[in-house]
Protein chains: 2
Amino acid sequence: MTRLLDVAKAAGVSRSTASNVFNNPEMVRPKLRQRVEKAARELGYNGPDPKGRLLRDGKFNAIAVMPPSQWGVVDSLRNPVFDLFLLGVGEVCDEIGANLVLVPDKAGNHGIKTALVDGFILGRVEHLAEVEAAQLRRLPFAVVDFDPGPNISSVRTDVRAGCHTVAKHLIELGHRRFGIVSFLRSPGPARLHPAGQSRDLHAAGNPSDQEKLQGYTDALAEAGLDIDDVPMIQADPWDLDAARMLLDEAPEATAILSMSVMQGIAVIEEARRRGRSVPGDLSVVGYNDIPDAERSDPPLTTVDGMVAQKGRVAAQIVFGGGPPRHEILQPQLIMRASTGPAPRSLEVD
Amino acid sequence: MTRLLDVAKAAGVSRSTASNVFNNPEMVRPKLRQRVEKAARELGYNGPDPKGRLLRDGKFNAIAVMPPSQWGVVDSLRNPVFDLFLLGVGEVCDEIGANLVLVPDKAGNHGIKTALVDGFILGRVEHLAEVEAAQLRRLPFAVVDFDPGPNISSVRTDVRAGCHTVAKHLIELGHRRFGIVSFLRSPGPARLHPAGQSRDLHAAGNPSDQEKLQGYTDALAEAGLDIDDVPMIQADPWDLDAARMLLDEAPEATAILSMSVMQGIAVIEEARRRGRSVPGDLSVVGYNDIPDAERSDPPLTTVDGMVAQKGRVAAQIVFGGGPPRHEILQPQLIMRASTGPAPRSLEVD
DNA sequence: ATCGACGTTTGGATCGATGCAAATTATGTA
DNA sequence: TACATAATTTGCATCGATCCAAACGTCGAT
């Protein structure tokens, strides 16, 4: 393969001049420039190889987004919430003209150790250990939805407050009998938690889901309700059968708290299948505001978890440099048509 | 910044040995290895810098996907069809453990010239000129939805056949009065083409959309219908007002041929707003099979444009090496509930 | 004690380009 | 023509690591 040096030799000039022909053409006299360009053409040389340039100035002009551990590229692209996050990162990339690299990291941090990027965003992290590999790269990075301590930048949403708000919204509408769709820690068959069974935070999936449950717990407690008395199901996010199981277990519930839009919509659909009107007989809420939430029938009341904003801020932190930052975004209640006053006949007070 | 050489010096060994400690640890005697590891620790050296390694062996372990020209990262991620395409590329990336890089190329091919990748996939290309910059990189690449001649790999869908099939499907259901929602070549206000107005292929947006129109034209011709007699609107893909304008213009149509799922759904919704039942009074079809098509009410009859498959094949071509390939994928009619027999009262024959 | 075989370690070559200060050449003026 | 000044061009140093063939050392066997 011909390189800059070959061209320079062929044109009878130095490497530097040849380099200038490609990078600062106005610096080279037209005559000489043409000689170099001719030589390049004849040798089939098409401008400096990015590899060499990279080595020299060390800028990749790219940012890595690492999906949650165990996820591949496909898992990331299929997940609508992660898509939203990527969108936020992408906005910043477009602004500064950087590329966005999806770097899955299935085996032994290989991805993080070798990715050709200027910085990282670590999608949902669950343990400090997962952050260590990133520190070793000594590149700027930010973690999402996790508190890694004061020395590492992070962007989080106050998930607990978000869930507190939406649960309170239902309580204010008069609801007292609830059901909860939460997540499993790891893939598996759905698990039912009947009313009256004491349960700990682990009855929700990842740390972030556990915060959601805590938000629900607090709001209920403020209304004098004990979370242990609320029927709950733990299922995989894509296990849309969970809705059926929960409604079987909690036929008297007037409001269902779910932890995602897809589960929320699944509950709406299951309710309709049973002839129960939403929100007339049953109110349903989700979490996060992906486009589907608006399009469901009725449109789903949910919490805007600021996911895209989270991506934006994370990217700004990484590209911006500076000391570690810790941003906590406040979620917003998005009131739509899937929630309404508790039905009078079932109202308990 | 400390580099391998510094560690080697500090440990009193050669670069090569130090390199082996990190890359082939079993080749170095434990005693020496520990000495090197200790030196590395003390100097705060955390393994070989990917930049250097890259220069040596020239593999980036990444593939670039370039969105259609003028699109940024965000435009790509927002477009559900492009998402599907990325998903296909992502599958191959996951299989071989490569990273996926989104490389928008707004200004002067800068992206294509400098992207740090082993190969490219050029998302929808419209002119040979756009391909030249890629050729200059001398990296494997494939173009999508465009025929670049025999020396360049390409993956296309037989869009025309797909549209021919779906139009024929409607004709077989007895439909004779149509309306068409097509696209504009470049963003702007919607343009109406009343029946009877002669029109050329440019009445659809990009080359691929023009093929769609050709497919419709052919199918209609086989039924003795002239495309010039079919009311048509050209609009931006996201201009959901087009449905309203078309139904105003073609109140007597019993079937609407659209060129995307979103426009198809917009027509369904507009029809419902007018109290016309789908498919009872009006049949509607879309193009491509994104998840929304299945979720609409009624689920949209459309054409599976093999978009994800296209991404897979493109990625395989790029990673696979070998001589140029030219794949043409056959689309499939996806019959759902938005199409039905033409209403008797309006049947013309 | 010497030789050979085997397993480690090393030096040198290679990958490709860019920034900067110094050197050279061109230009203009006295 | 000589000299000062400006415009170009050059050489050197730098970026960081890996591969390969050759050199080296160690050990056991004779």
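Scope of the values below: all heavy atoms of this structure, side chains included, with no hydrogens, waters or symmetry mates. Worth saying up front: this structure is predicted, and the values here are computed from it rather than measured. We name chains A, B, ... by the order of the sequence lines, and we start the count at 1 in each one.
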Colleague: Taking the six-membered ring for Trp and the full ring for Phe, Tyr or His, determine whether the centres of B:F22 and B:Y45 are under 6.0 Å apart.
Modeller: yes
Colleague: Once you apply a heavy-atom cut-off of 4.0 Å, does B:Y45 come out as touching a base, just sugar-phosphate, or nothing?
Modeller: sugar-phosphate
Colleague: Closest nucleotide of DNA chain C for A:R29 versus for A:L5: which of these residues is on the 5' side?
Modeller: A:L5
Colleague: Rounded to whole Å, please give me the gap between NZ in A:K9 and C1' in D:dG11.
Modeller: 14 Å
Colleague: Using a cut-off of 4.0 Å on non-hydrogen atoms, how would the nucleic acid contact of A:L32 be classed: base, sugar-phosphate, or nothing?
Modeller: sugar-phosphate
Colleague: Would you mind checking if B:D6 and B:R3 are paired as a salt bridge, meaning a charged N to carboxylate O distance below 4.0 Å?
Modeller: yes
Colleague: Does B:N20 put a side-chain nitrogen or oxygen below 4.0 Å from OP1 or OP2 of D:dT18?
Modeller: no
Colleague: Go through the N and O atoms of the side chain of B:S16 and the base of D:dC19, and report whether any donor-acceptor pair is under 3.5 Å.
Modeller: yes
Colleague: Output yes when at least one side-chain N/O atom of A:S14 is less than 4.0 Å from OP1 or OP2 of D:dT9, else no.
Modeller: no
Colleague: For residues A:S14 and A:T17, is any side-chain donor paired with an opposing acceptor at under 3.5 Å?
Modeller: yes
Colleague: Could you go through the side-chain hydrogen bond (donor to acceptor under 3.5 Å, both in side chains) check for B:R53 and B:N23 one step at a time?
Modeller: CA-CA 11 Å; B:R53 171 178 294 150; B:N23 295 298; 3.1 Å; yes
Colleague: Note down the inter-axis angle between the two ends of the helix from C:dA1-D:dT30 to C:dA30-D:dT1, five pairs each, to the nearest 10°.
Modeller: 60°
Colleague: Is any side-chain nitrogen or oxygen of A:S19 closer than 4.0 Å to OP1 or OP2 of C:dA17?
Modeller: no
Colleague: Of the listed nucleotides (D:dT9, D:dT18, C:dG16), which one gets closest to any side-chain atom of B:N23?
Modeller: D:dT18
Colleague: Hey, does the side-chain of B:R53 have a donor or acceptor N/O within less than 3.5 Å of a partner on the base of D:dT18?
Modeller: no
Colleague: Looking at side-chain heavy atoms only, is the closest gap between B:T114 and A:N61 below 4.5 Å?
Modeller: no
Colleague: Please determine if B:R312 and B:E95 form a salt bridge, counting it only when a charged side-chain N lies under 4.0 Å from a carboxylate O.
Modeller: no
Colleague: Tell me the closest heavy-atom pair linking A:P148 and A:L128, and the distance in Å.
Modeller: O-CD2, 4.0 Å
Colleague: Measure the distance from NZ on B:K31 to P on D:dT26 and round it to the nearest whole Å.
Modeller: 11 Å
Colleague: Counting side-chain heavy atoms from C-beta on, which of D:dT18, D:dG16, C:dT10 comes nearest to B:L55?
Modeller: D:dG16
